[in-house]
Asks: 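The structure follows.
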Amino acid sequence: MSAGSEEPEAGAEGTTEPPHVGEGHTDSAAATEAFVTHRNLLFTVAYEMLGSAVDAEDVLQEAWLRWAGVDPAVVREPRAFLVRIVTRLALDRLRALDRRKETYVGPWLPEPLLTTPDVAEDIELADSLSMAMLLVMETLAPTERAVFVLREVFDVAYDEIAEAVGKSPAAVRQIAHRARAHVAARRPRDAISAAETRAALQAFQRAVETGDLQSLVDILAPNVVALSDGGGIRHAAVHPIVGADEVARYLAFGLTRFTAGMSIEPVQINGRPGLVMRRAGEIHGVMAMRVEAGLITGLYTVRNPEKLSRLEQETVLSR
């Protein structure tokens, strides 16, 4: 069931239109407190479904307008209620986002987030937020992605997911099984620790900063895939680059064009070690990677300036 056609919950009349201040519920302070309490969770749900912080914020804004028309006194579980609203709105936004991607210039990569240290400590959350996993989830149908995110990342009960996506609990169980199998076939086979990823990233950074092409080749898996997202605004490869030699040559060529005044800084990107590239103090791009058996198998570079706004300060995420 789409957000635009969802049936009002008990006491939720008027949720489809933004209420005037002071109308729609008996306790605006309680409504605000409940929303603020769960805001980080709601943003995380929306971002995991959309891969876009901008769209996730838009979803939260609309969710607030709907929640503001509800009397919190008649809502038994505000967290479940709010997650349901956000899921429905994110599903509608996800379908629209899929249509926009059809005309996107070059590879589309998720919008990177500068994350707090506690995200990396939550291994399951960090894994679900990684660029590699978000790209795997991009291959799911919208409802499959919603079910997978709610069940596997946030451990939402099947009956609650069913209400959120407009399916029966039995159907949701089947969708969850199918989505898990789909993701399992495409995710890294072995769990990689943050320390292993950090070691690979440090070796990569040294090779880039010294211009040592052979060292760069040595840290790349033979079948490494590099994706670069410039959005048609900044220079980026419009097709995936495959193979250690090809990727190393592309990186060496690209970096020689931007070395003047450029610095590379290790940071936490989506709960995993990553690199932020700055030129004359301005963020010029970000690199995230997928590491398997100590080698980089996926290299993801985001240079589209419209996707770099969440890198100046940490984004707080939660489950």
Side-chain angles (χ1 to χ4, degrees), residues 48 50-52 94 97-113 127-142 144-145 182-190 192 197 200-201 203-205 207-208 213-258 264 269-270 272-277 283-308 311:
E48 291 247 15
L50 299 168
S52 165
L94 182 58
L97 190 59
D98 284 345
R99 289 191 292 272
R100 295 208 303 268
K101 291 173 190 173
E102 293 174 0
T103 58
Y104 196 79
V105 178
W108 184 96
L109 291 176
E111 184 178 349
L113 304 177
D127 180 61
S128 71
L129 286 165
S130 70
M131 283 284 186
M133 179 56 74
L134 289 175
L135 283 173
V136 170
M137 287 196 286
E138 281 291 309
T139 63
L140 295 170
E144 287 179 329
R145 184 166 182 171
H182 183 96
V183 170
R186 291 162 176 79
R187 73 193 309 171
R189 299 296 179 186
D190 301 314
I192 301 298
T197 301
L201 182 142
F204 175 86
Q205 183 178 355
V208 167
L213 186 62
Q214 186 56 52
S215 294
L216 194 56
V217 172
D218 291 343
I219 197 61
L220 300 174
N223 61 342
V224 61
V225 177
L227 300 175
S228 183
D229 181 344
I233 302 173
R234 284 184 175 165
H235 175 77
V238 295
H239 300 291
I241 300 172
V242 182
D245 289 337
E246 292 296 322
V247 170
R249 276 196 291 269
Y250 173 77
L251 288 172
F253 172 75
L255 290 170
T256 57
R257 302 173 67 232
F258 302 106
I264 302 176
I269 298 295
N270 287 47
R272 294 287 178 86
L275 297 172
V276 165
M277 299 173 289
I283 293 179
H284 211 65
V286 62
M287 283 186 176
M289 56 189 63
R290 171 174 173 168
V291 176
E292 298 178 73
L295 297 176
I296 298 171
T297 58
L299 189 62
Y300 315 110
T301 305
V302 179
R303 303 194 63 246
N304 182 348
E306 295 177 354
K307 293 186 177 184
L308 301 177
L311 297 174

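Here, residue 1 is the first one in the sequence, and each next residue gets the next number.
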Asks: Under the criterion side-chain contact (heavy atoms from CB on, under 4.5 Å), I'd like the reasoning laid out for Met287 against Val302: C-alpha separation, chi angles, the key distance, then a yes or no.
Replies: CA-CA 7 Å; Met287 283 186 176; Val302 179; over 6 Å; no
Asks: Can you tell me how far CG of Leu299 sits from CZ of Phe204, rounded to the nearest 0.5 angstrom?
Replies: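 If I round to the nearest 0.5 Å, the distance is 5.0 Å.
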Asks: Apply the test side-chain contact (heavy atoms from CB on, under 4.5 Å) to residues Glu138 and Trp108: give CA-CA distance (whole Å), side-chain angles for both, the deciding distance (0.1 Å), then the verdict.
Replies: CA-CA 10 Å; Glu138 281 291 309; Trp108 184 96; 3.6 Å; yes
Asks: Flag the pair Lys307 and Asp229 as a salt bridge only when some basic side-chain nitrogen lies within less than 4.0 angstrom of an acidic carboxylate oxygen.
Replies: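 Salt bridge flag = yes for Asp229 with Lys307.
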Asks: Between Val224 and Val242, is there a side-chain heavy-atom distance shorter than 4.5 Å?
Replies: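 No, too far: nothing below the 4.5 Å cut-off.
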Asks: List the atom of Ala236, the atom of Gly230, and the distance in Å for their closest heavy-atom pair.
Replies: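 The pair with the smallest heavy-atom distance is CB-N, 3.5 Å.
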Asks: So how far is it from His182 NE2 to Arg187 CZ, rounded to the nearest 0.5 Å?
Replies: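 One finds 12.0 Å between NE2 of His182 and CZ of Arg187.
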Asks: Would Arg290 and Ile296 count as a side-chain contact (heavy atoms from CB on, under 4.5 Å) if you check the C-alpha gap in whole Å, the side-chain angles of each, and the deciding distance to 0.1 Å?
Replies: CA-CA 6 Å; Arg290 171 174 173 168; Ile296 298 171; over 6 Å; no
Asks: What residues, two or more places apart in sequence or in another chain, satisfy side-chain hydrogen bond (donor to acceptor under 3.5 Å, both in side chains) together with Ser128?
Replies: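 Applying side-chain hydrogen bond (donor to acceptor under 3.5 Å, both in side chains) to Ser128 gives Glu48.
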Asks: Under the side-chain hydrogen bond (donor to acceptor under 3.5 Å, both in side chains) rule, collect the residues that match up with Glu102, sequence neighbours excluded.
Replies: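 In terms of side-chain hydrogen bond (donor to acceptor under 3.5 Å, both in side chains), with neighbours along the sequence ignored, Glu102 is linked to no residue.
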Asks: Rounded at 0.5 Å granularity, tell me how far OH in Tyr300 sits from OG in Ser228.
Replies: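 The OG atom of Ser228 is 13.0 Å from OH of Tyr300, to the nearest 0.5 Å.
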Asks: How many angstroms lie between CG in Leu94 and CE in Met137, if you round to the nearest 0.5 Å?
Replies: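 Nearest 0.5 Å value for the CG-CE distance: 10.5 Å.
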Asks: Does Asn304 reach the side chain of Arg234, with side-chain heavy atoms less than 4.5 Å apart?
Replies: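 No, their side chains stay 4.5 Å or more apart.
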Asks: Do Ile269 and Leu113 come close enough that some side-chain heavy atom pair is under 4.5 Å?
Replies: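 No. Closest side-chain heavy atoms not under 4.5 Å.
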Asks: Looking only at heavy atoms, what is the nearest atom pair of Gly231 and Tyr104, with distance?
Replies: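 That would be CA-OH, 3.3 Å.
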Asks: Can you name the salt bridge (Lys or Arg N to Asp or Glu O under 4.0 Å) partners of Asp98, sequence neighbours left out?
Replies: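 Only Lys101 meet the salt bridge (Lys or Arg N to Asp or Glu O under 4.0 Å) criterion with Asp98.
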Asks: Under 4.5 Å between any side-chain heavy atoms of Ile283 and Val276, yes or no?
Replies: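 The answer is yes, as the side chains (C-beta and beyond) meet within the 4.5 Å cut-off.
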Asks: Nearest heavy-atom pair of Pro110 and Leu135: which atoms, and what distance?
Replies: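 It is CD-CD2, 3.9 Å.
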Asks: At their closest point, which heavy atom of Ala226 faces which heavy atom of Val247, and how far apart are they?
Replies: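 For Ala226 versus Val247, the nearest heavy atoms are CB-CG2, 3.9 Å.
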Asks: Measure across Val291 and Thr297 and return the closest heavy-atom pair with its distance rounded to 0.1 Å.
Replies: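 Nearest pair, atom of Val291 first, then Thr297: N-OG1, 4.4 Å.
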Asks: For Leu134, run the side chain to side chain contact (heavy atoms under 4.5 Å, CB included) check against Asn270, Leu109, Leu50 and tell me which one passes.
Replies: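 Between Leu134 and the candidates, side chain to side chain contact (heavy atoms under 4.5 Å, CB included) is satisfied uniquely by Asn270.
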Asks: Hey, could you give me the NE2/CG distance between His239 and Leu227, rounded to the nearest 0.5 Å?
Replies: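 So the NE2 of His239 and the CG of Leu227 are separated by 12.0 Å.
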Asks: About how many Å separate CD1 of Ile264 and NE2 of His284, when rounded to the nearest 0.5 Å?
Replies: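 Reported value, rounded in 0.5 Å steps: 12.0 Å.
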Asks: Mind listing the closest non-hydrogen atom pair of Ala244 and Leu220 along with its distance?
Replies: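 Distance-wise, the nearest heavy atoms are O-CD1, 3.7 Å.
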Asks: Are Val286 and Thr301 close enough that some pair of their side-chain heavy atoms sits under 4.5 Å apart?
Replies: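 Side chain of Val286 against side chain of Thr301, heavy atoms only: no contact under 4.5 Å found.
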